[in-house]
Amino acid sequence: IEGSALLYAGRLEPEKRVLEILRAFHTLGNGHATLLIAGDGTQRSSVEAAARGLPVRLLGDVPRSEVPSLLNASEAVVLFSVREGLPTVALEALACGTPVITTAAGDLRSLIRHGETGYLVSSPSQLELAMRDVLDGKLRAAPSIATSIAPYDWREVGPRIRQAHAASLRGGRGNDDTP
């Protein structure tokens, strides 16, 4: 990839609003940036049509082993979903120190610290502004971003899962002392 890159990685479905990401990217008019789109879905042909003539690379389905390279090669991951849970790609991006531009859907609102680990946006104009800020270097990939996901580290999550499993085996009681 020459120049700067923004990455969308996920399903190409209406609720992901990839076409809106494309429109905002097109409005930027930044000739030195490429939008990478990894994924497949029912809107593939619409995304292909909207991307014609733009500095966009449609990568299709990308093997899991190649995702870290894409994340590290990108200035930011861009998500503009109507609804989300906690997308793995957001956690993976942050683990790489890559900022995430996203809506406040699902758990993303508690994961992203606006202006520090990414941008929370709610409109196409905010999306465009956030992409412009990243491409202008106002928010860059940094090792400090990776520390933001420490609560999701397996060393933190694993013991909580074991506790929940043990509690379910005891009939849902929180500990052995609970009547």
Side-chain angles (χ1 to χ4, degrees), residues 5-22 24-25 35-44 47 58-124 126-131 133-134 138-169 172 174:
L6 298 172
L7 171 66
Y8 168 82
R11 295 178 298 112
L12 305 182
E13 299 298 335
E15 69 272 10
K16 299 295 186 175
R17 299 194 299 186
V18 180
L19 293 171
E20 285 84 347
I21 293 171
L22 273 165
F25 180 76
L35 177 61
L36 305 174
I37 299 177
D40 206 351
T42 61
Q43 287 197 314
R44 171 119 186 153
V47 169
L58 297 169
L59 306 174
D61 283 327
V62 174
R64 298 282 321 145
S65 61
E66 294 178 21
V67 172
S69 295
L70 285 174
L71 295 168
N72 284 306
S74 301
E75 272 55 57
V77 166
V78 182
L79 304 172
F80 197 56
S81 301
V82 173
R83 62 180 180 274
E84 281 290 354
L86 180 59
T88 303
V89 71
L91 288 169
E92 292 170 333
L94 296 172
C96 291
T98 303
V100 177
I101 300 168
T102 185
T103 58
D107 286 336
L108 289 165
R109 79 189 86 215
S110 61
L111 182 65
I112 303 302
R113 292 191 311 263
H114 187 79
E116 293 177 37
T117 61
Y119 291 107
L120 293 170
V121 299
S122 59
S123 68
Q126 289 178 353
L127 174 64
E128 179 190 339
L129 181 60
M131 290 193 294
D133 281 356
V134 167
K138 292 181 182 169
L139 181 60
R140 296 177 184 264
S144 61
I145 292 174
T147 63
S148 71
I149 61 160
Y152 299 92
D153 185 283
W154 181 247
R155 291 169 291 212
E156 296 290 324
V157 175
R160 292 194 310 249
I161 291 172
R162 281 197 313 261
Q163 284 178 325
H165 183 258
S168 72
L169 292 176

J.: Return the minimal non-hydrogen interatomic distance between Ile145 and Gly97, and the atom names on each side.
T.: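 Result for this residue pair: CD1-O, 3.4 Å.
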J.: Under 4.5 Å between any side-chain heavy atoms of Leu19 and Val47, yes or no?
T.: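 Yes; the side chains approach each other to less than 4.5 Å.
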J.: So, are Arg113 and Glu116 salt-bridged, with charged N and O less than 4.0 Å apart?
T.: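 Result for this pair is yes, salt bridge flagged.
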J.: Between Ser81 and Thr103, what is the shortest heavy-atom contact and its length?
T.: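 Closest approach of Ser81 to Thr103: O-OG1, 2.8 Å.
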J.: Verify, without hydrogens or angle tests, whether Ser74 (side chain) and Val77 (backbone) share a donor-acceptor contact under 3.5 angstrom.
T.: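 Checking the backbone N and O of Val77 against the side chain of Ser74, no donor-acceptor pair under 3.5 Å is found.
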J.: Establish, from distance only, whether the side-chain atoms of Ser122 and Gln126 form a donor-acceptor pair under 3.5 Å.
T.: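 Their side chains do contain a donor-acceptor pair, which is all the 3.5 Å distance test asks for.
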J.: From Asp61 CG over to Asp40 CG, what is the distance, rounded to the nearest 0.5 angstrom?
T.: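 So the gap between those two atoms works out to 5.0 Å.
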J.: Would you call Pro99 and Ile112 a side-chain contact if the rule is heavy atoms closer than 4.5 Å?
T.: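 SC-SC contact between Pro99 and Ile112 ruled out.
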J.: Does any non-hydrogen side-chain atom of Leu127 lie less than 4.5 Å from one of Val78?
T.: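 Yes. Closest side-chain heavy atoms under 4.5 Å.
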J.: Measure across Val121 and Ala130 and return the closest heavy-atom pair with its distance rounded to 0.1 Å.
T.: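 Heavy-atom minimum between the residues: CG1-CB, 3.9 Å.
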J.: At what distance, to the nearest 0.5 angstrom, does OG1 of Thr98 lie from CG of Leu7?
T.: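 The CG atom of Leu7 is 9.0 Å from OG1 of Thr98, to the nearest 0.5 Å.
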J.: If you apply the rule side-chain contact (heavy atoms from CB on, under 4.5 Å), what do you find for Glu15 with Glu84, and how did you get there?
T.: CA-CA 9 Å; Glu15 69 272 10; Glu84 281 290 354; over 6 Å; no
J.: Once you round to the nearest 0.5 Å, how far does CG of Leu35 lie from CE of Met131?
T.: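 Separation between the atoms: 7.5 Å.
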J.: So how far is it from Ile101 CD1 to Glu75 CD, rounded to the nearest 0.5 Å?
T.: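 So the gap between those two atoms works out to 10.0 Å.
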J.: Between Ala24 and Pro124, what is the shortest heavy-atom contact and its length?
T.: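 Closest approach of Ala24 to Pro124: CB-O, 4.2 Å.
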J.: Any side-chain heavy atom of Tyr119 sitting closer than 4.5 Å to one from Val134?
T.: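 Side-chain contact under 4.5 Å: yes.
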J.: Rounded to the nearest 0.5 Å, what's the gap from CZ on Arg44 to CD1 on Ile37? Could you check?
T.: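 The CZ atom of Arg44 sits 9.0 Å away from the CD1 atom of Ile37.
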J.: Check Leu36 against Ala5 and note the closest heavy-atom contact, atom names and distance.
T.: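 For Leu36 versus Ala5, the nearest heavy atoms are CD1-CB, 4.1 Å.
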J.: Taking the side chain as every heavy atom from C-beta outward, state whether Gln43 and Arg11 have any pair of such atoms under 4.5 Å apart.
T.: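 Side chain of Gln43 against side chain of Arg11, heavy atoms only: no contact under 4.5 Å found.
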J.: For a 4.5 angstrom cut-off between non-hydrogen side-chain atoms, does Leu111 reach Leu91?
T.: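 Touching, per the 4.5 Å side-chain cut-off.
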J.: Could you grab the distance from atom OG1 of Thr102 to atom CZ of Arg109, nearest 0.5 Å is fine?
T.: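 Atom-to-atom, Thr102:OG1 and Arg109:CZ are 10.5 Å apart.
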J.: Do the side chains of Leu6 and Ile21 get nearer than 4.5 Å, heavy atoms only?
T.: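 No, their side chains stay 4.5 Å or more apart.
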J.: Flag the pair Leu79 / Tyr8 as yes when at least one side-chain heavy-atom distance between them is below 4.5 Å, and no otherwise.
T.: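 They are in contact (side-chain heavy atoms under 4.5 Å apart), so the answer is yes.
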J.: To check you understand the geometry: which heavy-atom pair defines the closest contact between Ala95 and Ala146, and what is its length?
T.: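 Smallest heavy-atom distance, with atoms named: O-CB, 3.5 Å.
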